[in-house]
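Below: the structure, in structure tokens.
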Amino acid sequence: MKQSSLSLLTLLALAVAQPSLAAEAATAPPASSYVHGDFGPPRGDPIKAFLTEPPKVPAPTYRNYPAKVIVELEVIEKELPISEGVTYTFWTFGGTVPGRFIRVRQGDTVEFHLKNNPNNKMPHNIDLHGVTGPGGGAASSFTAPGHESQFTFKALNQGIYVYHCATAPVGMHVGNGMYGLILIEPPEGLAPVDHEYYVMQGDFYTTGKYREKGLQPFDMEKAIDEKPTYVLFNGAEGSLTGDKALTAKTNETVRIFIGNGGPNLVSSFHVIGEIFDRVQQEGGTKIQENVQTTLIPAGGAAIVEFHTEVPGSYVLVDHSIFRAFNKGALAILKVDGPPDKTIYSGKEVDSVYLGDRSAPNLAAVTQATKAAAAGKLTKEDQIKAGQQLFAGTCSVCHQANGAGLPGVFPPLAKSSLIAAEPKRPIDIVLHGLTGKVNVNGQDYNSVMPPMTQLNDDEIANILTFVLNNWGNPGGRVEAEEVAKVRAEAAKPAAPAH
Ligand code: CU
């Protein structure tokens, strides 16, 4: 046997994969799903499955008989953006996170080919939750780089199912993006809709902080502690915002196949401003109606459907809400069409609420990062990057024009505080500001929390932007100055007496 050197790994993989299997195999399909299924031999010529990358979904099978379907899926390890200016080495089923969407029909006989790209470094396999059989295919599909495995299964149960890699260490393979969805259509097919989309949540663990630039390695300790750096839809912050947002028109029906790859978190999936007319909870056959938020377990999926009435930007979130606004779990469905004032009339959800989370890109931030790395960062680079960052974090209180809110949040425009001490804002951003402060002759007594989630570059750029706008004195804040102030704070406090 050629792969004898891998036998230990194989054993490890199986040892880890087996316990989850028992649980999966134990769920007997409801009798009703057998009744109208056709589990006879496959008919007609074999069909090569057309797989799609997210957020696309393959067209319905439009078949009324069971067929032999050939699925070919290639594992590709590749560096991809995970956030603006941040990359990560993902392990993927087909080159994307989540992996290619597979669509077959209940009763189909699926001949599955798993290929492991020769440039890959790791062995991989696949456990499809829609498979009845040991390991959901994991045991039969363990594949070394440059090899291909084949196994065949009959799709007994209809539903939407997660697939994932189950090679040891399983958590790391899943955490690197190795999951996707397979839809096993009911024999009669799904009801027609105007749009079908494929969205999958996952949690990611990097050694650097959220949005820390550069190539970020996997952090095993954070993963074990279940403290993700990122919680994302479709594998990257901004993968479904701006010009990549999902789209629909008013008076249309939208179906989202929403999965959760985990590896750790469950998702409280919600669309801000919409109500799910129908949900196939946990991908099962029972329909729940009029749902606001539906729970998607790690390694689980659901089908949600709703009708669009009013134009606007609808925000898909994990309603564990810090994940949406501070870890990236946010996507947009843009609905175009005429307004219907009888259903909704008023201001639209807006940039202040979403901040930079819905921004199509933060290109100026990337440009500044690159320039800084090359030692060519100019004041103009900083101002441009700072302007974009300000819009996300600071404008919520200080307002987009720097005017603040009278009596509540002090102005940054023509600020007497900045004019007196142009570098004091570094300390305020890093350590916050509590208690009374007088700006432009008016007292303010609110609390600004420390913004330690911002890195040195970001703070330097934001403050340079502020210094050079709205009648402030100009000048520049450098990342080194910020680092110095941050380090001062890191010193242990003197013992109190
Ligand atoms: Cu793998």
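Remember, it's 1-based here, ligands and their atoms both numbered in the order they're listed.
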Throw together a table of side-chain donor-acceptor distances under 3.5 angstrom for residues 290-301, partners on residues two or more places apart or in other chains.
residue	atom	partner	partner atom	Å
Thr293	OG1	His270	ND1	3.1

For residues Thr253 and Asp194, is any side-chain donor paired with an opposing acceptor at under 3.5 Å? yes
Asn260: partners by side chain to side chain donor-acceptor pair (under 3.5 Å), with sequence neighbours left out: none
May I ask you to decide if the ring planes of Phe112 and Phe151 are parallel, tilted or perpendicular, using 30° and 60° as cut-offs? parallel
For N/O/S atoms only: which one belongs to His173 and is nearest the Cu ion (ligand 1)? ND1
Please report, to 10°, the angle around the Cu ion (ligand 1) from atom ND1 (His124) across to atom SG (Cys165). 140°
At less than 2.8 Å, would any N/O/S atom of Asn125, backbone or side chain, sit next to the Cu ion (ligand 1)? no
